[in-house]
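Report on one structure; see the data block that follows.
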Amino acid sequence: QVQLVESGGGLVQTGGSLRLSCAASGRTFSRYAMGWFRQAPGKEREFVAAIIWSAGITYYADSVKGRFTISGDNAKNTVYLQINSLKPEDTAIYYCAASRDSQVHTRTADFGSWGQGTQVTVSS
């Protein structure tokens with residue numbers, strides 16, 4: 001079982017940037033799909049981005065393409081989510097998740113391990 005710890009959230013103004021981190025322990029992240037999801041108040045958890053580091057694959061939700069960048073540092077066993085040009089609608093709790101294999105996944109059900117989440121709040 002992999003343990004995931006997110007950090008880097010905070011309160012920023014519209015147009016600002018944040019870099020979220022997800023430190024993984026208990027398993028090397030590079031061989032599995034690692035994802036970021038977010039959940040706004042009153043809404044379902046939604047897919048944001050994912051990476052399969054060993055295959056050099058990244059993929060994104062259409063709503064964040066061009067503003068969000070997912071990356072990984074194999075030496076640190078850490079996945080990052082760089083968020084630029086933040087909008088109020090990006091306000092949510094952001095969760096890191098690890099899948100059980102190295103396939104492309106976007107559904108929450110395909111990710112078996114989750115972090116506790118980090119709050120991102122964007123003020124207008």
Side-chain angles (χ1 to χ4, degrees):
Q1 185 78 1
V2 60
Q3 291 77 46
L4 305 171
V5 179
E6 302 99 330
S7 61
L11 172 64
V12 296
Q13 293 184 334
T14 296
S17 299
L18 284 173
R19 189 177 79 157
L20 308 183
S21 299
C22 172
S25 60
R27 192 179 76 184
T28 301
F29 85 91
S30 61
R31 296 169 56 189
Y32 304 87
M34 297 289 296
W36 284 97
F37 289 74
R38 66 184 181 185
Q39 188 166 18
K43 295 187 177 181
E44 293 187 353
R45 193 169 299 188
E46 65 174 358
F47 171 77
V48 173
I51 183 170
I52 306 171
W53 190 87
S54 60
I57 294 173
T58 59
Y59 48 105
Y60 301 88
D62 288 342
S63 59
V64 305
K65 282 181 181 177
R67 297 191 299 121
F68 290 21
T69 303
I70 189 170
S71 62
D73 185 329
N74 192 36
K76 296 182 178 180
N77 216 27
T78 298
V79 176
Y80 303 98
L81 186 69
Q82 178 69 40
I83 309 175
N84 297 327
S85 303
L86 276 158
K87 307 175 182 179
E89 51 263 42
D90 294 319
T91 294
I93 299 174
Y94 283 71
Y95 296 91
C96 177
S99 74
R100 303 174 183 88
D101 56 38
S102 60
Q103 304 301 307
V104 172
H105 296 300
T106 61
R107 302 183 308 162
T108 56
D110 293 322
F111 291 81
S113 300
W114 295 82
Q116 83 288 350
T118 185
Q119 177 72 48
V120 172
T121 304
V122 185
S123 62
S124 57

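Predicted model only: the values in this text are computed from it and were never measured. Reckoned from all heavy atoms, side chains included, excluding hydrogens, waters and symmetry mates.
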- Message: Just to verify, what does Tyr95 make a side chain to side chain donor-acceptor pair (under 3.5 Å) with, not counting sequence neighbours?
- Response: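 Expected list: none.
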What closest approach, in Å, do [X] and [Y] show between heavy atoms, and which atom pair accounts for it?
X: Ala40; Y: Ala92; answer: N-CB, 3.8 Å
X: Gly8; Y: Leu18; answer: O-CD2, 3.7 Å
X: Tyr60; Y: Ala49; answer: CD2-CB, 3.5 Å
X: Val79; Y: Phe29; answer: CG2-CD1, 3.6 Å
X: Val48; Y: Tyr94; answer: CG2-CE2, 4.5 Å
X: His105; Y: Phe111; answer: CB-CE1, 3.5 Å

For residues [X] and [Y], determine if any side-chain heavy atom of one lies less than 4.5 Å from a side-chain heavy atom of the other.
X: Thr28; Y: Asn74; result: yes
X: Ile83; Y: Val12; result: no
X: Ser102; Y: Ile52; result: yes

Would a single hydrophobic cluster contain both [Y] and [X], if residues Ile, Leu, Val, Met, Phe, Trp and Tyr are joined by side-chain heavy-atom contacts under 4.5 Å?
X: Val64; Y: Val120; result: yes
X: Phe47; Y: Trp114; result: yes
X: Phe37; Y: Val104; result: yes

- Would you sort out whether Thr14 and Ser124 count as a side chain to side chain contact (heavy atoms under 4.5 Å, CB included), showing the intermediate values? CA-CA 5 Å; Thr14 296; Ser124 57; 4.3 Å; yes
- Query: Is Lys87 salt-bridged to Asp90, going by a charged N under 4.0 Å from an acidic O?
  - Reply: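 Here Lys87 does not pair with Asp90 in a salt bridge, since their nearest N and O are not under 4.0 Å apart.
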Find the distance between [atom1] ([X]) and [atom2] ([Y]) and round it off to the nearest 0.5 Å.
X: Leu20; Y: Thr78; atom1: CG; atom2: OG1; result: 12.5 Å
X: Leu81; Y: Thr69; atom1: CG; atom2: OG1; result: 8.0 Å
X: Ser25; Y: Gln3; atom1: OG; atom2: CD; result: 4.5 Å
X: Phe68; Y: Trp36; atom1: CZ; atom2: CH2; result: 11.0 Å
X: Thr91; Y: Arg38; atom1: OG1; atom2: CZ; result: 9.0 Å
X: Ser71; Y: Trp53; atom1: OG; atom2: CH2; result: 11.5 Å

Where the side chain of [X] meets the backbone of [Y], is there a donor-acceptor pair that is under 3.5 Å apart?
X: Glu6; Y: Thr118; value: no
X: Gln82; Y: Arg19; value: no
X: Ser54; Y: Ser30; value: yes

- Message: Applying the side-chain contact (heavy atoms from CB on, under 4.5 Å) criterion to Leu4, which one of Met34, Gln116, Arg27 satisfies it?
- Response: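 With Leu4 as partner, Met34, Gln116, Arg27 yield a single side-chain contact (heavy atoms from CB on, under 4.5 Å), made by Met34.
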